[in-house]
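The block underneath contains the structure these notes are about, expressed in structure tokens.
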Amino acid sequence: MLSAYLDGKGELVLGERDIPKVKDDEVLIRVIACGICGTDVHVFKGINKGKPNIIRGHEFVGEIVEVGSSVKDLKVKDIVIVDPNIPCMNCYQCRNGRIHLCKNLTAIGVDLDGGFAEYCVLPSRQAYKLPSNIEPIIGALAEPLACALHGIDRVDIKEGEDILIIGGGALGLIITQLVVNGGAGKVFVSEPYKEKRDLAFGFGASRVIDPTSEDLLDVIKDETDGKGVDVVIEAVGSGKTILQAISAVGDGGRVLFFGVAPEDVKIDISPFEIYRRELTLLGSFVNPFTMDRAVSLISSRRINLYPLISDIIPLQDINRGVDIASTGRSIRVLVRP
Ligand SMILES: [Zn+2]
Ligand SMILES: [Zn+2]
């Protein structure tokens, strides 16, 4: 089968692999579509390190073509989305309900072969059935949606609170819809690309901001009578936007570090400011216990993921897909074997 992985030099290459064999508790899926995540772009562009020879791709949907002998709940022809994160269930974090912080966490598409291939084998408990009323490729956005749900859980937004979302990529636009659906007060989205701002506005943002032509902090001050927003969700992962987030949040507010920053980025923040303004800074990592809710939301049709698919690229052209995904213009690039 055709598959994409990093060679020993860290270059993304295409090669033939054997179709993996199914163990008792596993399913074999034919990959329908797999999203190129920002974390993949970081690895493919050499910004963060990735394991050589592992087939990457963790945001994928597929059709089951074979089930292991002990698999009961899934059958051949089921369309499934994949939770890539596999906790050990034995360590301190797992035993205390924080499976995503598992000491022995492994992830499909990171440590184990993933979705940039024609087929992928995975433990059946990592597969979630997609309802038949949903077009399968939408399932490639289920894992990002599940990550967004965890972020929203972390920041515990109350109805009527004013929210600023920095970054209108796939995650920023999913979060925009979630907070609008959840009854936020004013929702601001800062994003340099017009197409994405237009989408954010269409999803119910009260005001979109072009940070290349407007001063984000001035706009937020104007729109909130000088008090700042209750919550900022930073969905870019750059030092600059994280500092903007801390400046735009009001006293007593919360800032969610949702965007994935390159590992070596450092920021200069004032501990006195955090203390005196009583700010809460929160991280959010992956998708613990949120996959079922993601499936439920997708089938409710109250979240619109279709416009977030900006490009669909054949697996043979994955390098071109990565180039597109690393431009600010694209939203989610899907790879189809
Ligand atoms: Zn991802
Ligand atoms: Zn564990």
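We count ligands from 1, going down the list as the structure has it; atoms in each ligand are counted the same way.
- Gln126 contributes no side-chain N or O that, together with a main-chain N or O of Pro84, makes up a donor-acceptor pair within less than 3.5 Å.
- Side chains of Thr290 and Asn287: no donor on one and acceptor on the other come within 3.5 Å.
- For the Zn ion (ligand 2), the set of protein N/O/S atoms nearer than 2.8 Å consists of Cys88 SG, Cys91 SG, Cys94 SG, Cys102 SG, ordered by chain and number.
- For the Zn ion (ligand 1), the set of nearby N, O or S atoms under 2.8 Å includes one belonging to Glu59.
- His58 lies close to the Zn ion (ligand 1), since one of its N, O or S atoms is found at a distance under 2.8 Å.
- Side-chain atoms of Asp311 and Ser330 include no donor-acceptor pair closer than 3.5 Å.
- A cation-pi arrangement is found for Arg17 relative to Tyr5, the charged atom lying closer than 6.0 Å to the ring centre and inside a 45° cone about the ring normal.
- Between His150 and His100, the ring planes lie perpendicular to each other; the angle is over 60°, past the 30° to 60° tilted range.
- Ile318 and Ile54 are assigned to two separate hydrophobic clusters, defined by single-linkage of ILVMFWY side chains at heavy-atom distances under 4.5 Å.
- Nearest heavy-atom pair, Ala117 versus Ser3, reported as atom, atom and distance to 0.1 Å: CB-CB, 3.7 Å.
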